[in-house]
Amino acid sequence: MSSNLVIVESPAKARTIEKLLGKDFSVVSSFGHIRDLSKKNLGINIDKGFTPEYEVPAEKQKVVAALKKAVSGSNEVWIASDEDREGEAIAWHLSVVLGLDPEKTKRIVFHEITKEAISNAIMHPRQVDMNLVNAQQARRILDRLVGFEISPVLWKKVQPSLSAGRVQSVAVRLLVEREREIIGFKPESSFRVTASFRTQQSNQETNLDIINAEAGKRFRSEKEALAFLEVCKEAIFQVAGISVKPGTKSPAPPFTTSTLQQEAYRKLGFSVAQTMSVAQRLYEAGKITYMRTDSTNLSKLALSLAHKEIVKEFGEEYSKTRQYKTRTRGAQEAHEAIRPTYPDKHEITGTQQEKRLYDLIWKRTIASQMADAVIEKTTINIDASGSETKFTATGEVIKFDGFLRVYSESTDNENGSEDEKTLIPRVSQGDELWYESVTATEKFTTPPPRYNEASLVRKLEELGIGRPSTYAPTISTIQNRGYVVREDRPGEKREIRIHVLQKGRIKPSAKTEMAGREKAKLFPKDIGMIVNDFLAENFSEIIDYHFTADLEKKFDDIADGKLSWNRMLEEFYSGFHPTVEESLTKREKKTGERILGSHPETGEQVSVKMGRYGPIVQIGEGNGEKKPKYASLLKTQLIETITLEEALHLFSLPRQVGEFRGKEIVAGIGRFGPFVRHDGKFYSLKKGIDDPYTVTTERAIELICEKEESDKQKVISDLGEYKVLNGRYGPYISSGKENYKIPKGTDPASLTSADCERIIEESKSKKKKK
DNA sequence: CAGTGAGCGAGCTTCCGCTTGACTT
């Protein structure tokens with residue numbers, strides 16, 4: 001029996017440390033927090049100085065039992081939870097729940113998992129820091145107060161099952177405000193003029209000596225742009241000046257949770273949840289260090305391993321050891337940056353996703369320890385006789401690639417205006433140039449970009465809101481509540497006017513581009529906007545962008561022993577709670593109702609609002625004899641932006657299309673999109689091909705027959721009570737509304753009723769066991 | 001699975017931050 005017990009938070013960490021410590025130590029894990037505020041009620045006794053009511057949740061009972069057993073078999077217990085506010089609280093909860101004497105409990109911390117660091121920690125144990133614990137309790141209680149007092153107000157005043165919180169509500173606010181900026185944005189057009197020039201030495205056969213330049217100003221109108229092209233037609237072009245400037249580029253720091261999520265989104269197209277789950281597998285396999293971190297720090301060991309690897313692979317001149325300072329607000333730095341555990345492993349075995357994410361982490365880590373790239377930037381100014389406007393060509397030459405050999409960070413620039421930095425042909429001041437072409441292209445200003453999951457995480461981190469362990473869950477929560485959706489939008493076609501000057505002639509042409517095309521972006525929905533407005537009216541303090549940052553200062557004061565946590569909560573609550581009471585006194589429900597106008601034929605009022613099952617348009621006020629008429633909004637429409645015309649158009653569905661086999665065909669739009677209905681059955685319309693407003697009888701019949709045909713193939717055998725069917729996951733038995741899997745090695749076609757009954761019984765008893 | 005929007009009332013929903021598994025139609 002080992003006499004020393006070490007408790008850490010993560011089981012993967014426990015396994016690693018156990019190997020390092022040897023047989024005198026056994027290492028177990030708490031799997032994070034083991035206690036939390038009571039779930040049944042508020043869990044806080046407000047009248048008694050905000051005393052928390054803690055309990056071990058059901059899913060943690062087993063862990064706690066195992067920990068108790070391990071403690072009883074040990075002489076000495078070392079609590080090695082993370083060195084941050086939450087970690088300190090975990091240490092305290094452990095000592096209380098496990099009945100350890102706080103005076104004697106040995107609290108140790110280490111930031112890297114090496115024998116040296118851990119032995120060092122064991123030599124210097126301390127006690128649990130109650131000030132830090134109290135800062136955590138204040139944080140925990142405040143979040144509970146905010147979430148559990150505001151959410152019920154939403155249930156009463158807006159809709160059931162909604163939620164509000166210090167973090168999620170700010171995330172929604174960011175999205176709503178950005179959406180409104182985009183809605184209110186008016187694109188302006190101007191003309192950008194670019195030119196390609198030949199030098200005297202230019203080889204007519206190749207394009208190697210072409211100089212690509214841009215005019216120094218944008219032209220506000222087509223007329224001005226054309227006038228400039230006219231000038232260019234007759235102009236003499238001359239190199240007015242050349243400047244060559246040396247410069248350097250430095251690598252980005254190693255990954256934190258948030259930067260990993262951003263880069264994996266941009267370079268690999270992973271959602272933030274996907275990134276975290278792949279990283280979790282890499283971590284558990286010992287391939288990378290911990291993936292929930294806000295630190296860019298690398299351990300000494302990592303620095304030396306990276307150095308060795310870089311020298312071996314690229315040579316000494318490529319190495320530059322760097323320590324990065326974490327600049328993120330509120331960072332607690334309990335862990336290292338995310339890095340490969342063994343930097344000499346360039347590749348790993350695993351799934352394609354694991355390989356790609358590992359590759360990204362490896363490159364970023366190695367690059368962060370490499371030399372700056374040395375570049376040379378050349379700028380050439382070109383005069384055009386007869387005009388004040390000059391052309392400028394810029395080129396960049398990499399003199400020494402340094403870290404660029406391994407990794408370059410991507411940007412969020414999605415307008416496709418990627419500046420191609422190319423080599424510039426050698427020219428001298430005074431050289432004459434000849435245009436090959438001069439092109440005036442219409443450019444539209446673009447609204448601020450919509451957030452995607454990763455850029456929202458970055459913004460939250462910038463505001464100091466949320467933690468590495470909660471970024472992905474927060475993004476999921478705001479989608480699960482229906483506040484926002486992640487989706488693609490095709491955008492709208494837009495004509496771009498172009499004029500090209502070539503060989504002394506100016507020719508107009510045009511191009512179409514897709515404006516506002518979006519991929520995997522976060523769009524606020526009506527309910528998100530309504531809740532946001534409700535919170536802004538009633539709880540502006542909570543969704544203020546500085547709220548969390550200001551709180552953090554107070555938590556720091558508590559941690560430093562300068563402020564009592566009860567007093568801090570008292571102060572907050574005495575201001576906050578009255579706003580809750582106040583919000584409940586307002587009689588009306590918040591529905592986001594807008595009156596669009598009156599019906600052109602009947603004069604009845606047309607309005608939009610949030611109904612029980614989603615946003616609806618209403619004709620008539622429902623106060624007279626006549627019942628109002630209702631129609632649901634389309635998924636892409638918002639209460640805030642729908643027009644009277646669009647609203648009225650919604651009433652043209654459901655529409656009678658025609659008749660087939662003596663029964664009528666009706667077209668409409670339901671929860672699962674456009675459909676036609678015939679004889680009580682529904683048939684989906686094909687996306688991008690059919691339109692419920694215009695679909696013909698012939699097309700509808702075609703769809704019905706197609707479906708009947710494919711349904712026939714679905715049935716393997718029909719045994720009356722049971723049906724054997726082909727499904728997405730292979731053959732299965734359907735009985736009433738329940739489906740059952742067919743065991744491997746059975747021929748689905750030969751099953752009898754008795755066989756089916758047996759299979760169903762077996763799968764039912766299996767379920768019970770679980 | 002694809003419509004529903006009268007009103008009442010019982011019972012339910014909800015926060016943030018630590019950690020992993022259990023899911024299969």
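Here is the naming used below: chain letters follow the sequence lines, and residue numbers restart at 1 for every chain. Bear in mind the structure is a predicted one, so any value in this text is a computation, not a measurement.
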Worksheet item: According to a strict under-4.0 Å criterion, is A:R467 in side-chain N/O contact with OP1 or OP2 of B:dC16?
Response: no

Discussion item. Does A:R144 form a side-chain contact (heavy atoms from CB on, under 4.5 Å) with A:I44? I'd like the steps, not just the answer.
Written reply: CA-CA 9 Å; A:R144 172 58 72 88; A:I44 302 160; 3.6 Å; yes

Worksheet item: In terms of ring plane angle, is the pair A:Y54 and A:W92 parallel, tilted or perpendicular, where the classes change at 30° and 60°?
Response: perpendicular

Discussion item. Under 4.0 Å, heavy atoms only, any strand: does A:G165 hit a base, just the sugar-phosphate, or nothing?
Written reply: sugar-phosphate

Discussion item. So if I take every side-chain heavy atom of A:T477 and compare against B:dC16, B:dC15, B:dT20, which nucleotide ends up nearest?
Written reply: B:dC15

Discussion item. Parallel, tilted or perpendicular, judged at 30° and 60°: which one describes the rings of A:H678 and A:F660?
Written reply: tilted

Discussion item. Please encode protein proximity along nucleotides 3-12 of chain B as a string of B, S and -, counting only heavy-atom distances under 4.0 Å.
Written reply: BBB-------

Worksheet, complete the sentence: Of the candidates B:dT19, B:dC16, B:dC18, the side chain of A:S10 sits closest to B:dT19

Practice prompt. Assess the side chains of A:Q168 and A:S163: does a donor N or O sit below 3.5 Å from an acceptor N or O?
Written response: yes

Discussion item. Counting the atoms with a prime plus P, OP1 and OP2 as sugar-phosphate, which does A:L142 contact under 4.0 Å by heavy atoms, base, sugar-phosphate, or nothing?
Written reply: nothing

Worksheet item: Which is true for A:E284 with a 4.0 Å heavy-atom rule: it touches a base, it touches only sugar-phosphate, or it touches nothing?
Response: sugar-phosphate

Discussion item. If the cut-off is 4.0 Å, is A:R166 near the phosphate of B:dG17, judged by side-chain N/O to OP1 or OP2?
Written reply: yes

Worksheet entry | Neighbours of DNA chain B within residues 51-64 of chain A, by heavy-atom distance under 4.0 Å | none

Practice prompt. Report yes or no: is there a donor-acceptor pair, N or O only, under 3.5 Å between the side chain of A:R139 and the base of B:dC16?
Written response: yes

Discussion item. Using a heavy-atom cut-off of 4.0 Å across all strands, would you classify A:A89 as base, sugar-phosphate, or nothing?
Written reply: nothing

Worksheet item: Just to confirm, is there a sub-4.0 Å distance from OP1 or OP2 of B:dC18 to any side-chain nitrogen or oxygen of A:R35?
Response: no

Worksheet item: Considering only B:dT19, B:dC15, B:dT13, which nucleotide approaches the side chain of A:W155 most closely?
Response: B:dT13

Discussion item. So, OP1 or OP2 of B:dG17: does either fall under 4.0 Å of a side-chain N or O from A:Q136?
Written reply: no

Fill in: Side chain of A:R140 (C-beta onward), nearest among B:dT20, B:dC16, B:dC18
B:dC16

Item to complete: Considering just the side-chain nitrogens and oxygens of A:S163, establish if one lies under 4.0 Å of OP1 or OP2 belonging to B:dC15.
Response: yes

Worksheet item: Taking the side chain of A:S684 as heavy atoms from C-beta outward, which of B:dC18, B:dA2, B:dC16 is closest to it?
Response: B:dA2

